[in-house]
Number of protein chains: 2
Amino acid sequence: MVPRTDPLTLEVVELIGTVVARYHEEYEEAAAEHSLTGAQARVLGLLSHEPMPMRRIAQRLKCEPSNVTGIVDRLEARGLVERRPDPADRRVKLAAPTDEGRGTAARLRDSLHFAREPLAGLSEAERTSLRDLLRRMLGTD
Amino acid sequence: MVPRTDPLTLEVVELIGTVVARYHEEYEEAAAEHSLTGAQARVLGLLSHEPMPMRRIAQRLKCEPSNVTGIVDRLEARGLVERRPDPADRRVKLAAPTDEGRGTAARLRDSLHFAREPLAGLSEAERTSLRDLLRRMLGTD
DNA sequence: CAGATGTTTCATGTTGTCAAGTAACTGGGT
DNA sequence: ACCCAGTTACTTGACAACATGAAACATCTG
């Protein structure tokens, strides 16, 4: 019943685990530099692309909507995000970044060095190859 | 000031973000199947390799030692882990998995499908290539 | 003995779930 | 057109887990 996993696959899995760990570390660190928690940074990053209803944020974060209420509350209290009515549906509240929120999101993105610097060590051909392999792994092809 | 990032690199970074998200999802899901939280599963996994002092667990998890106290408390309350004195230093408590804890850890590892199934779609040459690229990215070479 | 180290406890804040409540939309049936 | 039942969006409240920081305690080290 135990799936047979050859050493090569195991090594790749372990490498991915390391990538995941490092990515998280750097993400939290970058968020902390802007006095944000990881969850707050993720939401702000989402909203900086486009405003969206609370419900949609919850779907993206894969958590309960009631949880999003609190996170947006805290972002709103700090003036980084605001709630707007949705003209098409009065039940809906659209969360949108303020100007300051947009600025913070941009600075946050820039301080997210991960994978950008390490990737610089790879040639363009290698990066293309890495992209294709990751795509296939994720079934994004 | 903004580091120039070509579209290819950006895409790779985004793909890695997706990998990270999916990895976490599956990890939490696998943990939940055994009625564990993510943090508890991580600690149990750590200890299943070898017992270690609380302090070391905190270093591995990159959190405060006082946090580990609570996580190990909950694992101990469920009979998955026990605290033993360290014969060499009476201040230290070694956390070690019980037999049941070892079993749970093993079942947990087996239910961690991530990357194993997706990787099956790659040929051996491709997996080797992916391994080498990840190694170089991580500076593990 | 003085200082450093390992663990716990306490206070506090954030994230997460679930259940209940309110407001607003939707699709019948009359 | 109207109303009503059911659904959907969001919030609130209770509660558990996770996380930090400060303070307490026992123990080690020089």
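Keep in mind it's a predicted model, so treat the numbers as computed, not measured. Chain letters run A, B, ... following the sequence lines, proteins first and then strands; every chain starts at 1.
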| Nearest-angstrom distance from the residue atom CD of B:Gln59 to P of D:dA19 | 16 Å
| message | Using the side-chain heavy atoms of B:Thr37, tell me which of these nucleotides is nearest: D:dA17, C:dT7, D:dG21. | response | D:dA17
| field | B:Asp110 side chain reached by B:Arg107 side chain, heavy atoms, under 4.5 Å | value | no
| Does the side chain of A:Arg91 get closer than 4.0 angstrom to OP1 or OP2 of D:dA9 through an N or O atom? | no
| task | Looking only at non-hydrogen atoms, find the nearest pair between A:Ala30 and A:Leu112 and report the distance. | result | CB-CD2, 4.1 Å
| Relative to the 5' end of DNA chain C, which residue comes earlier, A:Ile71 or A:Ala88, by the nucleotide with the nearest heavy atom? | A:Ile71
| query | Hey, which of these two, B:Gly38 or A:Asp73, hits DNA chain D nearer its 5' end, going by closest nucleotide? | reply | A:Asp73
| task | Compare all side-chain heavy atoms of B:Glu126 with those of A:Arg136 and state whether any distance is below 4.5 angstrom. | result | yes
| From D:dC18, C:dT15, D:dT11, nucleotide with atom closest to A:Met54 side chain | D:dT11
| message | Counting only side-chain nitrogens and oxygens, does B:Lys93 get under 4.0 Å of the OP1 or OP2 atom of C:dT8? | response | yes
| message | Show the nearest heavy-atom pair for residues A:Arg127 and A:Leu122, with the distance to one decimal. | response | NE-O, 3.3 Å
| query | What's the CZ-C1' distance between B:Arg78 and D:dA16, to the nearest Å? | reply | 14 Å
| query | Nearest to the side chain of B:Pro65 - C:dT8, D:dA17, C:dC18? | reply | C:dT8
| What is the distance from CZ of B:Arg74 to P of D:dA16, rounded to the nearest Å? | 11 Å
| query | Taking all atoms of both residues into account, what is the closest heavy-atom pair of B:Leu36 and B:Thr104, and its distance? | reply | CD1-CG2, 4.1 Å
| query | In whole Å, what is the span from the CD atom of B:Glu64 to the C1' atom of C:dG13? | reply | 14 Å
| request: Check the distance between D:dA19's P and A:Leu36's CG and give it to me in whole angstrom. | output: 18 Å
| task | Please report, rounded to the nearest Å, how far the P atom of C:dG16 is from the CG atom of A:Leu61. | result | 7 Å
| task | Round to the nearest Å and state the distance from A:Lys62 atom NZ to C:dT17 atom P. | result | 12 Å
| said: Could you walk me through whether A:Thr9 and A:Asp6 satisfy the side chain to side chain donor-acceptor pair (under 3.5 Å) test, starting with their C-alpha distance in whole Å, then the side-chain angles of each, then the deciding distance to 0.1 Å, before giving a yes or no? | reply: CA-CA 6 Å; A:Thr9 299; A:Asp6 61 299; 2.6 Å; yes
| Nearest of C:dT8, D:dA19, D:dT27 to any side-chain atom of B:Asn67? | D:dA19
| Any A:Arg90 side-chain nitrogen or oxygen under 4.0 Å from OP1 or OP2 of D:dC10 | no
| said: On DNA chain C, does the nearest nucleotide to A:Gln40 precede the nearest nucleotide to B:Val68 from the 5' side, or the other way round? Give the residue. | reply: B:Val68
| task | Could you check which of D:dG21, C:dT15, C:dG6 has an atom nearest any side-chain atom of B:Arg55? | result | C:dG6
| Between D:dT11 and A:Ser66, is there an OP1 or OP2 to side-chain N/O distance shorter than 4.0 Å? | no
| task | For D:dT11, take OP1 and OP2 only and decide whether either is under 4.0 Å from a side-chain N or O of A:Arg83. | result | yes
| Given atom CG of B:Asp86 and atom P of C:dT5, what is their separation to the nearest angstrom? | 17 Å
| query | Looking at D:dT20, C:dG16, D:dC10, which one has an atom nearest to any side-chain atom of A:Pro53? | reply | D:dC10
